[in-house]
*Asks:* 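Take this structure, written in structure tokens, and hold onto it; I'll ask about it next.
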Amino acid sequence: MSSTRITYPTAVVLAALSRGCRYGFEIMDTTGLASGTVYPILRRLEEAGMLSARWERTADAHDEQRPPRRYYQITGTGRQAVRDAMSRFPALGGIRPPGTSPSPT
Amino acid sequence: MSMQNAHRPPGAWLVRQLARAVPRSHRDSWRDEWIAELSHSPLPPWRLRLRAAGAIIDALWVARHHGAWAGLDSTRFAHDVRFAARSLVRRPAFSIIVVSTLALCIGATSSVFSVVESVLLRGLDYRDLDRLVAVWSNNTKETNDRYEVSVGDYFDWRDRAHSFDQLAGFFPIWNASYTAPDVAERLSVGAASANILRALGVHPQLGRDFAEGEDKRGAPGVVILSNAMWTRFFQRDPAAIGKTILLDGQPYAVIGVMSPEFTFPENRVDVIVPLPILGNYIERRGVHLLSVIGRLRPGATVESAHREMESIAAQLRTEHPSEDAGLASTVRPLADDLLGDVRRPILVLFAAVCAVLLIGCANVANLMLSRVMSRQQELSVRTAMGAAPGAIARQLLSESVLIAVGAGVLGVGIAFGVTRTAARFLPESMARIGVVRVDSRVLAFTVVVCVVVAILCGVAPALRGARNSASLALPDAARGSSRGRAARRVHATLVVAELALAMILVVSAGLLINSFSRLTTTDPGFRTHGLLRMKLELPDASYRRGRQSDQFFETLLDNIGALPGVRSVARVSRFPLHDGHLTSSILVEGTSYSDNDRLPEIEYRMASPRYFETMGIPVIAGRAFRPTDTADSTAQLVAIVNRTAAIRFFGTANAVGKRLRFGGPDKPPFTVVGIVGDVRQISLREPAAPEVFISTRQGLATAGSIVIAYDGAAASILTGVRQIVSSLDKRLPVYDVQSIADVLAKAAVGDRFTTTVLAAFALIALVLAALGTYGVIAFGVAERTREIGVRMALGAQRREVVAMVVREGMRLFAFAMLIAFVGVWGSHRAIASLLFGVLPSDIPTQAAALGTLAVATAVACFIPARRASRVNPTVAIRS
């Protein structure tokens with residue numbers, strides 16, 4: 001694992017993943033970030049051990065008549081990074097995946 | 001979603017191509033992830049493609065982090081650049097030739113692009129340009145769908161149309177006298193409705209916009225200054241706001257100053273003033289003088305606006321049957337409307353300069369290829385010492401990158417110089433739209449051009465160098481080998497492309513030169529030498545129309561006529577080829593018109609008694625105006641028509657004695673007393689329209705041109721005229737002074753510009769193509785020295801050797817011409833609208849171009865051929 005710099009877009013991506021986003025386009029739809037920003041961040045976070053990636057089960061993908069997606073999940077290291085990012089950028093609390101409603105506070 | 005879409009979603013092609021850049025170890029996974037994301041997205045295809053573009057950055061990131069570019073580390077890059085620089089410095093002649101050739105081509109391309117950028121891309125700097133439309137009356141009877149709008153119709157349109165957020169009317173070429181202590185000057189005035197700036201989506205840089213109601217008659221006079229006017233008369237003092245200036249003797253309060261970038265539509269103006277400055281014209285629905293611009297409401301389209309305007313035009317036809325009969329409406333995008341005339345020549349020049357750039361690149365690629373072949377030994381040694389083919393290719397590519405960078409820097413310098421100089425020669429039709437300059441967009445374009453140049457010039461030599469070095473070639477092996485033949489094939493292909501492109505340019509330039517020479521030798525119908533024109537206008541505030549203004553002009557013309565060298569002097573309301581056109585509807589007595597008929601339109605001018613004599617316009621029948629043709633009740637109202645009007649409206653070339661009325665049956669009749677020759681009024685390209693003249697005294701003209709036919713020096717006459725005017729009224733400026741040569745030159749200025757620039761490009765293309773041919777033939781001769789020596793040893797004569805070499809070059813030429821004629825045929829449509837009196841398929845022009853290029857190619861082949869024929873057989877065979 002190598003250390004990685006948590007820039008604002010990186011924090012946004014982490015926040016989106018912690019809120020339930022699983023793949024690149026879903027993160028883009030949630031955050032509004034561009035594809036050229038999101039994917040390199042995912043790669044970097046994966047390389048740094050903050051994310052793990054797995055391929056979707058082929059059967060599940062076939063049910064929807066599409067190829068399997070690559071899903072990302074936050075690791076233990078990543079969760080600490082999310083907490084740090086949230087304290088540094090409090091506005092990230094507002095990030096929600098599409099189709100979800102904010103929980104009452 | 002269909003499975004087909006799932007397999008080939010939008011953007012998948014790009015992803016598959018990019019996957020090649022990703023290291024093998026990650027490639028499949030990388031590609032599958034992207035394809036899966038693209039495959040099941042509800043986004044529209046264009047957004048998916050946009051997202052797929054992000055894969056470029058992702059692929060580069062993955063490639064970089066997984067070692068695909070390990071060979072491109074900075075140390076090696078610096079080493080390659082240093083090596084390339086040393087290699088270029090060692091051969092200064094070669095480096096200077098290729099860098100200067102490319103610098104010239106890049107400079108020319110960037111210069112033309114600066115015109116494209118300023119006029120076509122940046123030119124109309126109005127907010128949301130795609131929402132702006134031009135709205136015209138459509139005179140269906142005269143098939144003129146860009147017919148100016150009467151002020152009455154404009155206000156009715158504005159009240160009734162719902163398709164527009166703003167509908168603004170303006171008259172772009174009004175003039176007014178600006179007077180201040182020690183200043184008397186004519187200004188170009190944009191007369192506009194109060195919402196003109198809101199319609200265009202711009203705001204004054206200083207002060208405020210016009211307020212609603214300030215364009216109504218009786219509102220206090222207000223004016224917005226152009227930035228140039230503010231600088232010239234107020235030294236950029238912000239306190240100018242609130243000051244009062246005098247225009248035509250009337251006070252106008254300065255309320256705003258526009259930014260330097262702002263250009264008034266259709267014309268550069270010094271000031272913008274609300275419509276009432278147009279005086280009585282704005283009350284007459286029959287007078288068509290406004291251009292109208294609309295800003296479409298959200299949801300409205302050009303088509304829906306057009307439908308609405310058509311229905312309003314139908315209402316107005318019913319409400320104003322005599323003025324609006326036959327009038328429909330046209331709505332079209334403003335950008336198309338304003339740029340229509342200039343887009344074609346600019347794009348033709350841009351295509352031409354791109355062709356020159358390609359020729360330049362082909363030339364340099366040829367030179368670099370020859371150089372690679374001549375460096376075979378060096379490359380072989382380097383390969384033998386362990387250099388990989390990739391390293392050789394990279395190093396050769398570094399040289400072309402350095403050359404492109406050097407040429408790019410020089411090219412930008414050339415573009416800076418050219419744009420500064422060319423801005424002065426740019427035709428008004430282009431200059432009025434935008435300020436031509438080298439800005440960040442032009443620089444970015446130049447960078448892209450340099451990258452393209454580096455690739456075009458460098459790839460073939462780099463590949464060739466790498467391939468040859470890979471086989472550890474010895475220098476001798478290239479001679480006569482398949483590698484030598486392959487190199488010659490590449491050379492030949494490049495030369496064929498150069499010659500074909502050059503031919504297309506030379507034919508196009510030939511056609512334009514031919515067209516321009518016909519245009520400038522067209523008989524305009526009046527004297528083309530010894531004629532001077534200038535403008536003088538009496539402000540309504542100081543001179544009453546009629547007796548007082550007539551008296552002034554009579555004295556003025558008498559005094560000017562008495563100046564030494566003046567043969568005759570006259571005045572005319574609008575000078576042909578200079579003052580645009582103004583028409584009036586006429587009713588010809590003896591012709592029956594139904595109620596729904598729109599009356600025919602005729603060009604309308606007021607002229608003084610000696611106008612036709614001064615201009616050299618022949619009086620074909622009847623007489624010219626006399627001093628007795630006055631507005632007195634006892635005098636008969638008289639008119640003179642041109643030959644076209646006589647034939648069209650009276651059915652005979654001799655219509656003397658016939659009568660016509662202006663505007664309608666209730667207007668007084670004018671009797672035709674003379675028929676004069678046709679004159680080109682609007683442009684040299686357009687034939688004479690029907691035209692009627694009435695006497696300045698019967699038309700109550702207070703403005704227009706003074707026309708002087710003279711012998712001797714124009715300068716002394718002009719000085720005399722200024723003194724006379726000043727002695728009559730010190731406040732009156734004499735302005736817009738031109739010799740007839742100036743008028744004719746200005747009428748052809750757009751054609752002159754396009755022709756000159758294209759001819760220059762064609763010349764460059766011709767020279768480059770000839771040099772390219774020379775280089776390739778010379779290279780072929782050098783390669784075949786031994787073969788030529790053997791031929792001569794076996795008895796070949798010198799002229800046979802010359803013929804053999806020239807034949808080889810001319811074979812390339814013939815092949816190039818076959819391709820070129822397809823290109824020439826393809827360019828017909830692009831160039832046809834720029835031509836006057838010449839068809840794009842003009843055989844003599846094409847034959848002349850073919851001959852010129854054939855001679856240039858033959859000369860280029862003959863020089864190396866002669867050298868080949870002087871080869872000493874013994875030395876050649878031993879070499």
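Chain A is the first sequence line, chain B the second, and so forth, proteins listed ahead of strands; every chain is numbered from 1.
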*Asks:* Please work out whether the ring planes of B:W61 and B:H65 are parallel, tilted or perpendicular, with thresholds of 30° and 60°.
*Replies:* parallel
*Asks:* Relative to the ring of B:W34, is the ring of A:F25 parallel (under 30°), tilted (30 to 60°) or perpendicular (over 60°)?
*Replies:* perpendicular
*Asks:* Please name all residues satisfying side-chain contact (heavy atoms from CB on, under 4.5 Å) with B:C457, sequence neighbours left out, ordered by chain then number.
*Replies:* B:L102, B:C361, B:V364, B:M368, B:V453
*Asks:* Which one of B:I56, B:L43, B:L50, B:D58 has the most heavy-atom pairs closer than 4.5 Å to chain A?
*Replies:* B:D58
*Asks:* At a 4.5 Å cut-off on heavy atoms, which part of A:P68 comes close to chain B: side chain, backbone, both, or neither?
*Replies:* backbone
*Asks:* Suppose we screen for side chain to side chain donor-acceptor pair (under 3.5 Å). Which residues come up paired with B:E399, at least two apart in sequence or across chains?
*Replies:* B:S87, B:R371, B:R375, B:Q395
*Asks:* Which residue out of B:A55, B:S29, B:A53 racks up the most heavy-atom pairs below 4.5 Å with chain A?
*Replies:* B:S29
